[in-house]
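Presented below is the structure to which this report refers.
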Amino acid sequence: MPATYKRTLVTSALPYANGPVHIGHLAGCYLPSDIFVRYKRSKGEDVIFICGSDEHGVPITIKAKKEGVSPQDVVDKYHKMMGDAFKGFGISFDIYSRTSNKVHHETASDFFKTLYDKHVFTEEITEQYYDTEAKQFLADRYITGTCPKCSNPNAYGDQCEKCGSTLSATDLINPQSTLSGSKPVLKETKNWFLPLDKLQPKIQSYLDQHKDWKTNVYGQCKSWLDSGEGLQPRAMTRDLNWGVPVPVKGAEGKVLYVWFDAPIGYISATKELKPDTWELYWKDKSTRLIHFIGKDNIVFHCIIFPSMLMEHGDYILPDNVPANEFLNLEGDKISTSRNWAVWLHEYLIDFKDKQDVLRYTLCSNAPETKDNDFTWADFQTKNNSELVAILGNFVNRTLVLTHKYYNGSVPAPETYTKEDLLILEQLASFPDKIASAIEQFKFREALAEMMNLARLGNKYLAETEPWKLIKSDEIRVKTIMNIALQITCNLAVVCEPFLPFTSQKLFGMLNMPLLKWHSAKQTSNMAAGHQINKEELLFAKIEDPEIQLQIDKLAQSKSVNTATVIPPSKPETSFDEFSKMDIRTGTILEAERVPKTDKLLKLKIDTGIDTRTVVSGIAEWYKPEEIIGQQVSILVNLAPRKIKGIESRGMILMAANSQGELSFVSATKPAFNNGSEVK
RNA sequence: GGUGAGGUAGCUCAGUUGGUUAGAGCAUCGGAUUCAUAACCCGAAGGUCGGGAGUUCAAAUCUCCUCCUCACUACCA
């Protein structure tokens, strides 16, 4: 830590309270931040570790509605579940707070008010969908309709979960309110925007001071700033009734945007933790603020939140944002909705007392520079060939020999040989090596270095062979075993940030108090004559059946996912409504790719009535040359629309199966004339 | 399509400002050993550094082109 900083404030991304936490969350931000903080504490530095549940936003209100409970019930449930999971894994937050509590509401409200009074925001009136029956504006998530991209009839207003594309509610075909089932109408509403476009120069110079950030983080920030039009204003309020009310006249029925409110949660949690001194951590220039997050949060923590803090004026800015990439699971993306995940609460049951094994595996294979893959086979190997064979084994053989030769009493060293002195010198150098890697957020490297200390121990024993010498040179053995014990003790110190449960167990076996980081630079922590406790195994081997069980569990999720899902029927419609659609048979005369797009084909269609141009998003499924002469069904009286500068007149009917694959729908009798009515 | 990040041994990753036979861990094979959870220790094998072209005495490292993966973003009436 640079000398100018006196304390560190570490935050971990606030997990969203609509589901349990999985290994991806852990590997992405909670584990690295925990390692970092534990190390800082061990060094005796002033550090606080902040986290909490993010409990606002639309998805929670939808989940509540679905389950027939209140939003508060939903967040209560997951807040507890997530908090327990973190605790179970030894994630050592100083406080695990939540954004639905009073302190947070006040803090977020004040923060908004300050910016409002400083005239930071711009007001804008926009058109949003409104449900006339439920008498409220509809957030994107409250609107479903047919995805314009993959024709999934159950796409949400912000996103289609089938094809994964990001949508805008106004893009949906046949939008429908999930509140009342009625068709929503567009209505004007006023919202407050953070004018990121105007703030861009300030943000630019802020980022310029942080070129030392991880390349993935800095690169992404730069891409936001440098992209075509630069930053765009972003609405900081929403028409919704779950969240922090907007503290401004005329804003009834509106709440703060969840991404405005969530990072302020870090501040509120600090207030809650340190009611008297919290300002020292947030407003004093000698505090270093570090946000640990996953890559999906980069823009919020590196651009939006710093903008908010800058405009407020009282606060310090993040000094670093060490974001990790994503963790995949057995080759596929982790997905909550597809149940493709290893849930922490389930792991704690299936692998009781093996928290450190997962901590070790996730840290040694953390997605620090690119997306990584978690496999159960790798988990098993890491446990059996590294934790058991290298670390556990070294500790075990040292303690077994100590009991065998000295009844568990630490022998006094006699004369050190040249080799001994070399080992002691190396031993003392480990804390700095590990520390340096941690300070640079290179946790994988730090962990590997920690294991090297255990390797050093194994090597030392193999080379000195005390089990042979005991027959000929008992005095020499005392020195050897003393050194082996010192290595063991120092291992207990330096493994603590990574493997806190193991560290504690080890100190227990050594019958030693929990030593701090600086002690590991010493080579005489275990005093001669000190009595150690009976050894027990630090790690147990994990056999194939246990792993198979987990793999089977995932296979089951997979088979559920690939099962054909038939979308439910849409609401009843009238014949009148249907007969407004003029659908005809037609034939594709020409087809070509629309340049600079992935999915679009420009088609010339003989509709019987005329020959017209239609742009269709089918390029992923059909090659242009293969579909000349293909008979299709086409909706001919649809309003024309320009797509990529080409006027598209009409829409080709496509069937979409449960995998999202498209197929033409056409008359099955050969040579059916173009222009035949489909009715 | 645009932007960003990656593509290095079977697997997971290091490779500083271009410089001697490209490194580590795990897995594999061989040897040694028995204190230890058949673990440890020693050794070997394994890579035309995604592909192509260029700059240079010298390129994994710089430039250009191209392919693949991931993220954000655009097009589907």
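Just so it is clear, the model here is predicted, and its values are computed rather than measured. Below, chains carry the letters A, B, ... as their sequence lines are ordered, and counting in each starts from 1. Because only heavy atoms are used, hydrogens play no part in the values below, and waters and symmetry mates are left out as well, while side chains stay in.
- Residue A:Leu447 contributes atom CG, which lies 13 Å from atom C1' of B:rC26 at whole-angstrom precision.
- Between A:His210 and A:Trp213, the ring-plane angle classifies as parallel under the 30° and 60° cut-offs.
- Partner of A:Lys214 under the side-chain hydrogen bond (donor to acceptor under 3.5 Å, both in side chains) criterion, out of A:Asn324, A:Thr369, A:Asn320: A:Asn324 alone.
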* Asked: Taking it one step at a time, do A:Phe498 and A:Phe443 satisfy ring pair (Phe, Tyr, Trp, His ring centres under 6.0 Å)?
  -> CA-CA 9 Å; A:Phe498 313 96; A:Phe443 301 104; 7.8 Å; no
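- Regarding A:Trp213, its CH2 atom lies at a distance of 15 Å from the P atom of B:rA5, rounded to whole Å.
- Pair check for B:rG1 finds B:rU73; Watson-Crick or G-U wobble, both atom distances under 3.5 Å.
- Across all strands shown, A:Ala448 has no heavy atoms under 4.0 Å from either base or sugar-phosphate atoms.
- The aromatic rings of A:Phe441 and A:Phe292 sit perpendicular to each other, their planes meeting at more than 60°, with 30° as the lower class boundary.
- Using a cutoff of 4.0 Å between basic side-chain nitrogens and carboxylate oxygens, A:Glu325 and A:Lys295 are scored as salt-bridged.
- Annotation: side-chain hydrogen bond (donor to acceptor under 3.5 Å, both in side chains) contacts of A:Arg584 (sequence neighbours excluded): A:Asp582.
- Comparing B:rU33, B:rC75, B:rG25 by their closest approach to the side chain of A:Glu386 singles out B:rG25.
- Scanning for side-chain hydrogen bond (donor to acceptor under 3.5 Å, both in side chains) contacts around A:Ser503 gives an empty result, with sequence neighbours left out.
- Checked against side-chain contact (heavy atoms from CB on, under 4.5 Å), A:Thr488 has the following partners two or more places apart in sequence or in another chain: A:Phe394, A:Val395, A:Thr398, A:Leu506, A:Leu510.
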Give me the distances for all protein-to-nucleotides 27-31 of chain B N/O pairs that come in under 3.5 Å?
from   : atom 1 : to       : atom 2 : distance (Å)
B:rA27 : OP1    : A:Ser385 : OG     : 2.9

* Structure fact -> Per-nt protein contacts along nucleotides 6-11 of chain B (heavy atom under 4.0 Å; B base, S backbone sugar-phosphate only, - none) come out as S-----
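- Partners of A:Asp432 according to the side-chain hydrogen bond (donor to acceptor under 3.5 Å, both in side chains) rule, which considers only residues two or more places apart in sequence or in another chain, are A:Lys521.
- Within residues 458-466 of chain A, the residues having any heavy atom under 4.0 Å from RNA chain B are, by residue number, A:Asn458, A:Lys459, A:Ala462.
- Taking atom C1' in both B:rA45 and B:rA27, the straight-line distance is 13 Å, to the nearest Å.
- Applying the Watson-Crick and G-U wobble criteria (two distances, each under 3.5 Å), B:rA32 pairs with nothing in any strand.
- In this structure, the CZ atom of A:Phe326 is 10 Å from the C1' atom of B:rC72, given to the nearest Å.
- In this structure, the CH2 atom of A:Trp467 is 16 Å from the P atom of B:rA39, given to the nearest Å.
- As a whole-Å value, the separation of A:Glu536 CD from B:rA36 P is 18 Å.
- Every residue meeting the side-chain contact (heavy atoms from CB on, under 4.5 Å) condition with A:Ser666, not counting sequence neighbours, appears here in chain and number order: A:Gln630, A:Gln631.
- Aromatic ring centroids of A:Trp340 and A:Phe374 lie 6.0 Å or more apart.
- With a 3.5 Å ceiling on both atom-pair distances, B:rG46 lacks any Watson-Crick or G-U wobble partner.
- If you check every strand for non-hydrogen atoms under 4.0 Å, A:Val400 touches sugar and phosphate atoms only.
- Place A:Leu456 and A:Arg649 on RNA chain B by their nearest nucleotides, and A:Leu456 ends up nearer the 5' end.
- Judged purely by atom type and a 3.5 angstrom limit, A:Gln380 uses its side chain to pair as donor or acceptor with the backbone of A:Ile542.
- Within 4.0 Å (heavy atoms only), A:Asp371 reaches sugar-phosphate atoms of the nucleic acid but no base atom.
- Residues of residues 401-409 of chain A that place a heavy atom closer than 4.0 Å to RNA chain B, in numerical order, are A:Leu401, A:Lys404.
- Pair assignment for B:rC64 gives B:rG52, based on Watson-Crick or G-U wobble hydrogen-bonding distances that are each under 3.5 Å.
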* Take A:Ile652 and A:Val614, measure what side-chain contact (heavy atoms from CB on, under 4.5 Å) needs, and give me the verdict at the end. => CA-CA 8 Å; A:Ile652 309 288; A:Val614 174; 4.0 Å; yes
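- As rounded to whole Å, 15 Å separates atom C1' of B:rA14 from atom NZ of A:Lys433.
- The side-chain hydrogen bond (donor to acceptor under 3.5 Å, both in side chains) search around A:Trp259 returns none, not counting sequence neighbours.
- Remark: A:Thr613 engages A:Lys602, A:Lys604, A:Ile646 in a side-chain contact (heavy atoms from CB on, under 4.5 Å) (not counting sequence neighbours).
- If you take atom C1' in B:rU66 and the same atom in B:rG30, they sit 43 Å apart, rounded to whole Å.
- Ranked by how close their nearest RNA chain B nucleotide is to the 5' end, A:Leu537 and A:Lys333 are led by A:Leu537.
- Between the OH atom of A:Tyr218 and the C1' atom of B:rA71 there is a distance of 19 Å, given to the nearest Å.
- B:rA39: no Watson-Crick or G-U partner with both key distances under 3.5 Å is found in any strand.
- In this structure, A:Arg444 reaches the B:rA14 phosphate: one of its side-chain N or O atoms is under 4.0 Å from OP1 or OP2.
- Regarding contacts with the backbone of B:rA39, a side-chain N or O of A:Lys541 is found under 4.0 angstrom from either OP1 or OP2.
- Judged by Watson-Crick or G-U wobble contacts below 3.5 Å, the nucleotide B:rA14 has no partner.
- Across the C1' atoms, B:rC40 and B:rU8 are found 30 Å apart, a figure rounded to whole Å.
- Counting non-hydrogen atoms under 4.0 angstrom, A:Phe539 reaches a base of the nucleic acid.
- Among the protein residues, A:Leu538 comes within range of the nucleic acid bases, having at least one heavy atom under 4.0 Å from a base atom.
- Every residue two or more places apart in sequence or in another chain that forms a side-chain contact (heavy atoms from CB on, under 4.5 Å) with A:Asn393 is listed here: A:Arg397, A:Asn458.
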